[in-house]
Amino acid sequence: MDVKIASVLIGVCLGWFLGQLTTLTKHYFIRKQKKDAIYTELSDLSAWLDRYIKTSEYNILLTMKGKIATNLPTKLHAFIINEYFPVICAHLPRGARLGITECISQIENLNDISNQIAALLEKPSEIKNQELINRYTSMFCSAFETKWKVDFLLENKDGDLNKLSGAAKEISSKLKVSLKEIKKKAGNKSVSDIQFDYYEKE
């Protein structure tokens with residue numbers, strides 16, 4: 001084969017190979033940036049859920065004391081996850097995919113509960129105390145469970161589902177303890193004490 005022709009063919013092949021390598025590298029870093037953005041938003045959601053749980057507990061306590069608690073937590077959003085997850089989900093471990101999908105569902109559920117309570121609060125004269133306690137308790141439990149799942153995802157990015165063994169029992173046990181503590185606080189503290197704990201001990 002003529003040396004010039006061989007040189008041209010080698011140049012074409014090398015150019016094609018470098019082009020493919022550049023494209024693959026570019027796509028890899030784009031996926032990595034999107035994955036990092038998703039986990040950053042999960043970290044932000046974890047912090048918001050801490051606040052969500054605290055506000056839910058405050059509302060349960062006030063309602064147990066016969067007050068109409070109207071301080072609803074700020075609704076949760078997952079704009080980055082909703083935008084990037086469909087694009088990169090195929091490149092995530094199966095456990096991570098399932099976990100993030102579950103977290104999205106949990107966030108939607110929390111916002112639905114918030115909407116239901118907001119609708120109740122629009123008609124204060126028709127509010128039944130126990131119904132409001134039940135709604136706030138449902139909000140607290142859902143936020144508690146969501147927080148656990150989000151934190152699990154942040155700590156286990158490899159998506160190893162084996163690490164979830166016994167998780168349901170652990171969440172249930174912790175929830176029972178937390179709800180007992182809330183009930184105990186409601187019996188031991190006055191409304192002013194509850195408000196002080198919420199607003200002053202930030």
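Given the structure is predicted, the values throughout are model-derived calculations rather than measurements.
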Distance from [X] atom [atom1] to [Y] atom [atom2], nearest 0.5 Å?
X: Thr137; Y: Lys183; atom1: OG1; atom2: NZ; result: 11.0 Å
X: Leu153; Y: Leu42; atom1: CG; atom2: CG; result: 6.0 Å
X: Asp151; Y: Leu45; atom1: CG; atom2: CG; result: 10.5 Å

Sub-6.0 Å ring centroid separation between Trp148 and Phe152: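 Ring centres of Phe152 and Trp148 closer than 6.0 Å.
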Ile171 vs Lys174 side-chain heavy atoms within contact, under 4.5 Å: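 SC-SC contact between Ile171 and Lys174 ruled out.
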Joint hydrophobic cluster, Ile30 plus Tyr28, side-chain heavy atoms closer than 4.5 Å: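 Hydrophobic grouping puts Ile30 apart from Tyr28.
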Can you check whether [Y]'s main-chain N or O pairs, donor with acceptor, with [X]'s side chain at less than 3.5 Å?
X: Ser114; Y: Leu110; value: no
X: Asn129; Y: Met64; value: no
X: Asn109; Y: Ser105; value: no
X: Tyr136; Y: Ala69; value: yes
X: Thr40; Y: Asp36; value: yes

Would you give me the side-chain donor-acceptor pairs under 3.5 Å for residues 83-104, sequence neighbours excluded?
{"unit_1": "Arg97", "atom_1": "NH1", "unit_2": "Leu92", "atom_2": "O", "d": "2.7"}
{"unit_1": "Thr101", "atom_1": "OG1", "unit_2": "Arg97", "atom_2": "O", "d": "2.8"}
{"unit_1": "Glu102", "atom_1": "OE2", "unit_2": "Lys149", "atom_2": "NZ", "d": "2.8"}

Salt bridge [X]-[Y], side-chain N to carboxylate O under 4.0 Å:
X: Glu131; Y: Arg135; value: yes
X: Lys54; Y: Asp50; value: no
X: Asp197; Y: Lys189; value: yes

Remaining members of hydrophobic cluster (4.5 Å side-chain criterion), Phe79: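 For Phe79, no cluster forms, as it stays isolated from other hydrophobic side chains.
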Residue Lys67 excluded, over 12 heavy atoms near NZ under 6.0 Å: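 At most 12 heavy atoms, drawn from other residues, nucleotides or ligands, come within 6.0 Å of this atom.
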Any side-chain donor near an acceptor of the partner, Tyr198 and Thr55, under 3.5 Å: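 Side chains of Tyr198 and Thr55: pair found under 3.5 Å.
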